[in-house]
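Here's the structure we're looking at; comments come further down.
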Amino acid sequence: MLKQFSDLGIHESFQQSLSDLSISKPTDVQKKAIPVVLNKKDDLVVLAKTGTGKTAAFGLPLLQLTDTSETRIQTLILAPTRELGQQIFTNLHALAAANPEINIGSLCGGTPIKPQIERLKEATHMVVATPGRLVDLLKREVINLNHLKYFVLDEADEMITALKEEVDHIIKSIPKSRRTFLFTATMPGTIKQLIQNYMSKHVVQIEADMETTGHQGIDHQYVVVEPIEKLDVLLHFLNSKVGQRGIIFCKTKAAVNKLAKNLAINKFSSGAIHGSLSQGIRDRIMGQFREGHIDILVATDLAARGIDVKELSYVVNYHLPDTYEAYVHRSGRTARAGAKGLALTIIQEEEVVDIADFQDELGIKFKNLPKADAHSIEENNTLLWARKIFKTKPNREVSEDLKSQIKTIFHHLTKEELVDKILANYLAQNAKVLPTEAPSKKRKKH
DNA sequence: AAAAAAG
């Protein structure tokens, strides 16, 4: 007999929200974590793969445990990025739809702090926050966490390393008697020892869906290119994926800007997101991506963790991730909730050893995707050029007189003849200059 | 070295 949410102790009142969100059966992590959260005593460390429903695994039981007669904050959820914080807030809101008396607050940065301060004067049961903004609110003494009962660290490994200072500050402001729940998809060995410092009660450890090595739904591939071909190979790949959606990860903000500009020039349906953009722009781009108005998101590791966007069929690492964990999180943006997805990493020859490391360390098998041949790349570039023409808006500066002269020149041509001529023109302009001597040796040896 | 998180 398959377990239902009701078998885990979740009240019938959540049924409507769950079916509205098309959640029917509990996932492995939900089956294991929900009863522990509901047991009212233990702390919890949960290790579960990307895209397996961690938010609902703590969200549902914590919503159910909420005491609406208590007006002070009882639950705090911390996330490493504003986008993830907002996503968790939105999901909790949807899960709580049938219990409108539960008041949930969002305390993420990048948005005016005054309204948040005003809002905190009302009864609030649960808050989702990013660390920087919460520390700011604590220093201003406008938030009271003295009655906190439940403390969730999502992306716990990242929170207690990269954001350690803020998290430690926050922990000093919440009661020792609270229960602590850590959720993560990655647990580097170095983090394991740190965890004890954050717990205050008996700790239940849960590993969900971890019996198989590697994320089942992801097809891991890599392609080896010369640095100069990188963009062409990416454009070739993207042209084979038109109509599908995905994320392209770059190492730096500057690289994101540059690549996004290039995709825009080539008329791909794309947008960029990184930490130096205003929150307004970040929100707009994420919104457009979530709603399917944009097919391709170019991003830094800002978007690597937790972000859940429907129907992403691929992830591209335009630059290698820095850590094994970053690879897991980036590739985990695809193949969510049981779906399939492709994770393509574009590298140069020297980085093949890094792929071998990823294979060994993560226990996943990469396929070596043969690089598109020069002819096919050239054809692709021609297609991009045609699409660029097709999507170009008419230039209003051109005078009617000039336009009519040009029309006269082309007057007798059929559409097919016109296409032949502009294509021949393009090809002539882009004809390769043949090398006059053999290419020089790749690299000098010292 | 870079990314995130405060403004």
Side-chain angles (χ1 to χ4, degrees), chain A residues 50 76-89 105-117 119-120 127-143 145 152-173 183-186 188 191 247-260 272-283 285-286 297-307 315-333 345 347-348 350-351 354:
Chain A
T50 54
L76 167 63
I77 297 153
L78 283 183
T81 65
R82 297 163 184 173
E83 282 70 16
L84 182 54
Q86 284 160 5
Q87 175 182 294
I88 293 169
F89 173 76
S106 170
L107 302 178
C108 298
T111 160
I113 197 165
K114 286 272 166 60
Q116 288 181 352
I117 295 172
R119 178 72 169 60
L120 283 168
V127 293
V128 182
T130 46
R133 176 54 60 91
L134 185 56
V135 168
D136 195 354
L137 291 162
L138 285 166
K139 284 182 177 163
R140 291 172 193 237
E141 299 184 336
V142 292
I143 184 169
L145 297 175
V152 178
L153 278 178
D154 199 13
E155 305 294 343
D157 58 336
E158 175 83 351
M159 299 300 289
I160 65 178
T161 51
L163 297 163
K164 179 175 193 303
E165 224 173 284
E166 289 88 343
V167 170
D168 287 351
H169 185 285
I170 291 161
I171 284 177
K172 287 190 190 118
S173 312
F183 283 77
T184 180
T186 49
I191 302 302
I247 305 182
I248 304 171
F249 286 101
C250 298
K251 192 178 169 67
T252 65
K253 298 170 190 173
V256 166
N257 287 337
K258 193 174 162 194
L259 182 57
I273 193 166
H274 60 66
S276 289
L277 297 170
S278 73
Q279 195 57 39
I281 293 180
R282 283 165 63 168
D283 291 347
I285 298 293
M286 271 312 293
L297 187 68
V298 187
T300 56
D301 280 326
L302 167 64
R305 283 176 175 261
I307 297 303
V315 160
V316 176
N317 290 311
Y318 195 62
H319 302 109
L320 270 178
D322 281 343
T323 61
Y324 302 120
E325 290 74 36
Y327 183 86
V328 170
H329 289 284
R330 284 180 175 191
S331 57
R333 294 320 94 213
T345 302
I347 55 167
Q348 54 197 68
E350 301 91 287
E351 294 168 323
D354 297 303

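On a predicted model such as this, the values are computed, not experimentally measured, just so you know. A note on names: the letters A, B, ... follow the listed sequences, proteins ahead of strands, and every chain is numbered from 1.
The separation between A:L320 atom CG and B:dA2 atom P is 17 Å, rounded to whole Å. Atom C1' of nucleotide B:dA2 and atom NE2 of A:H319 are separated by 12 Å, given to the nearest angstrom. Across the protein-nucleic acid pair, A:I170 atom CD1 and B:dA5 atom P stand 13 Å apart, rounded to whole Å. Per the geometry, OH belonging to A:Y327 stands 20 Å off C1' belonging to B:dA2, to the nearest Å. For the pair A:L78 CG and B:dA4 P, the computed distance is 18 Å after rounding to whole Å. Atom CG in A:L84 sits roughly 13 Å away from atom C1' in B:dA5 (whole-Å rounding). Atom CG of A:D322 is separated from atom C1' of B:dA1 by 8 Å (rounded to the nearest Å). Between the CD atom of A:E83 and the P atom of B:dA4 there is a distance of 9 Å, rounded to whole Å.
Counting non-hydrogen atoms under 4.0 angstrom, A:R82 reaches the backbone sugars and phosphates but no base. Across all strands, A:R282 comes closer than 4.0 Å only to sugar-phosphate atoms, never to a base (heavy-atom distances). Looking at heavy-atom distances under 4.0 Å, A:L163 makes contact with a base.
Comment: A:D168 does not engage A:K172 in a salt bridge, judged by the lack of any side-chain N to carboxylate O separation of less than 4.0 angstrom.
Checking side-chain atoms of A:R333 against main-chain N and O of A:I307 turns up a donor-acceptor pair under 3.5 Å.
With contacts defined as side-chain heavy-atom distances shorter than 4.5 Å, the pair A:I143/A:L138 qualifies.
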A:Q279/A:R282 under side chain to side chain donor-acceptor pair (under 3.5 Å): CA gap, chis, key distance, verdict: CA-CA 5 Å; A:Q279 195 57 39; A:R282 283 165 63 168; 3.3 Å; yes
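For A:T130, no side-chain nitrogen or oxygen approaches OP1 or OP2 of B:dA4 to under 4.0 Å. Between A:K253 and B:dA4, a side-chain N or O to OP1/OP2 separation shorter than 4.0 Å is present. Taking side-chain N and O atoms only, A:R330 has no distance below 4.0 Å to OP1 or OP2 of B:dA3.
The CE atom of A:M159 lies 11.5 Å from the OG1 atom of A:T184; values are rounded to the nearest 0.5 Å.
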